[in-house]
Number of protein chains: 2
Amino acid sequence: MSSIQDVAALAKVSTATASRALSRPEMVADGTRKRVMKAAQQLGYQPNVLARSLRQRETRTIGLIVADILNPFHALLAKGVQDTAEEQGYVTFLFNSDEQPEKEARAIDTLRGHLPQGLIVVPTSGTREHLKTLPNLPVVELDRVSGNPQASTVTVDNVGGARAATDHLIGLGHRRIGLIVGQQDISTAVERQAGYHDALKAAGLSPCPELMRSGQHREDDGSRAATELLSMPAGQRPTALFVGNNEMTVGAVLAARELGLRIPEDLSIVGFDDSRWAQTMLPPLTVIAQPAYELGVHACEQLFGLLRGAGRPAHLQLSTELIIRHSTGPPHRS
Amino acid sequence: MSSIQDVAALAKVSTATASRALSRPEMVADGTRKRVMKAAQQLGYQPNVLARSLRQRETRTIGLIVADILNPFHALLAKGVQDTAEEQGYVTFLFNSDEQPEKEARAIDTLRGHLPQGLIVVPTSGTREHLKTLPNLPVVELDRVSGNPQASTVTVDNVGGARAATDHLIGLGHRRIGLIVGQQDISTAVERQAGYHDALKAAGLSPCPELMRSGQHREDDGSRAATELLSMPAGQRPTALFVGNNEMTVGAVLAARELGLRIPEDLSIVGFDDSRWAQTMLPPLTVIAQPAYELGVHACEQLFGLLRGAGRPAHLQLSTELIIRHSTGPPHRS
DNA sequence: CATCTCAATGTAATCGTTTGCAATCAGTTT
DNA sequence: AAACTGATTGCAAACGATTACATTGAGATG
């Protein structure tokens, strides 16, 4: 790799002038600038980002930690962030916490040494604690919130979404509606459960703990929870399920199939988060859709706001949309 | 952020000693080492990777460019690479080419300035050209090959996989077997087409151009191609399809449904690449499964081999596996 | 006791940029 | 002609680490 020294030598100027010719063209005489440009071109010169960042104390990188890159929702978040960052000339360091606080801690530690100028994180239960090692870094929490008062947040209206899902089921005539959500230490699970509660109460139904399950976010937790709920005796078994995230929804659908329940005749299902899987499964799934890519974009924009010195943390909430497909219908008489 | 200067000052030693205490403990007296360690601890010292890399001319980072992070296959590749790199203390810069050579060129340019020690890339048609700007960088091509003689490659046995898929269909009694693959400038598409050819020839069937379609890798290209093939008059219409990648397979399945064809009664389908979607669609899809995560792991290991100076490029080919589910069956008499 | 050895530490150069400050020089202005 | 201006350019100091080389001093050796 050729350095700016080489360029300067070839153009017969000092490194200072070479540097200025490339990054502050207006400070340099026309002829000189052209000579330097040409030299740079000839040598295929590419500035060494490390040296530049070191000197300028500005790396033009941001960190991004998602909880599960294999989950299409998170992949979309990541793409939204990364595309937006790139537009602004920023490079994204992408890490995966795999929902494990320890892995997240490691990612944060690694990140620290690379001096990102900001961090976007889909928090786990450990995030609030881990972020204390980065006291002055602008942080945006994405999709979930950790309770850290310093951080900006970009989320969806989980309560409203869950409420809409549950209302939809109630409107179809369901009275025993099961709930399956993720871990109780993740904000989205709690909020979606709250929306479910609200809807039941508003309809004069009393939330019943036996119909509610929570677990990890994984497919098999969803499948286990659904199997439990659906194995209840006929009169007590829920006639509909609201499942709080896409992975668990897959599990729930498979469990229902396993038990020979027809959807929607024997069981209605609403999932949270749309996906191609939801669109193409049979029957196509009724869902609460989230603007995943836009969440990522907005998180990144929020972060750039903070970088430009928009002092106080902001909280942006996007809305969700109920998409009615064919996995929901009136309950079977039983 | 505190620097090694701060640590040195607090421990009352020179920066040289502080540095040694932290990275070459054996060179430093016990007592001093402890003092330095403690000081580092107290200040929450984290070495500045930029400065270190600049001095050591070794960044401990690698670049990874995948073609489509939203495609679960690529997400798995990425995870395999990243997990493996992390184990070795390397950080991965992940970029997305979105199958566009220009985006890939930009990614490579950005990467250059960050001085990665190696690059893993899922090539597009432009890769061979773009890599010329990085003449001395160890490169591993993943999943596809660009024809660059410098690069190591980690791929699957596409010819064999496609042959197995086609043989399976032939074995079931199909004679008019349609082929849908990606762009002809991507090695995997070409190889899978070759495998399909081989199988037909070996069975004494003559490959028929009207039954073969290629397009971009996207779902709608698959759907368009399938619609064309399946709209042929009854006697000419293929009774089975072999589709060369996961995205296009989705499109093909949806097109078949759209046309009211039952799978596998009216149409058998074999896809390339297994996925959750393939497992859970109805009926579950017969596929050629690829070890996606392992591909990523091996690519990373190959790269580390090159970094440690294993001079010549190596070529690793993993095998695929035919998984017979329920999307394939004997042809309907017609 | 002089000398040698070797472990422990310090001094200062280095990596490749950017940038504050000083120097140069041509063209005005007085 | 002296002094001033302002546009170009160069010199050298940073940024924060690592490391070649020099220094120190304590114990071993003759």
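Protein chains get the first letters and strands the later ones, always in sequence-line order, with residue 1 at the start of each.
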Between B:Arg55 and C:dT14, is there a contact of a side-chain N or O with OP1 or OP2 at under 4.0 Å? no
Want to settle it: does B:Thr15 or A:Ala16 sit nearer the 5' end of DNA chain C, counting the closest nucleotide to each? B:Thr15
For the helix from C:dC1-D:dG30 to C:dT30-D:dA1, measure the angle between the helix axis at one end and the axis at the other, each built from five pairs, rounding to 10°. 70°
Presence of B:Gln56 side-chain N/O under 4.0 Å of D:dT19 phosphate oxygens OP1/OP2: yes
Can you tell me if B:Arg57 touches the phosphate of C:dG16, counting only side-chain N or O atoms and a distance under 4.0 Å to OP1 or OP2? yes
What is the distance, to the nearest angstrom, from the CZ atom on A:Arg52 to the P atom on C:dG16? 15 Å
Answer yes or no: does a side-chain N or O of A:Gln5 lie under 4.0 Å from OP1 or OP2 of C:dT17? no
How long is the line joining CZ of B:Arg35 and P of C:dG10, in whole Å? 8 Å
Quick one: list whatever passes side chain to side chain contact (heavy atoms under 4.5 Å, CB included) with B:Arg57, sequence neighbours left out. none
Under 4.0 angstrom between B:Ser3 side-chain N/O and D:dG16 OP1 or OP2: no
Please list residues of residues 17-26 of chain A whose heavy atoms come under 4.0 Å from any atom in DNA chain C, ordered by number; otherwise none. A:Ser19, A:Arg20, A:Arg24
Could you please name the option among C:dG10, D:dA17, D:dT8 that lies closest to any side-chain atom of B:Val13? C:dG10
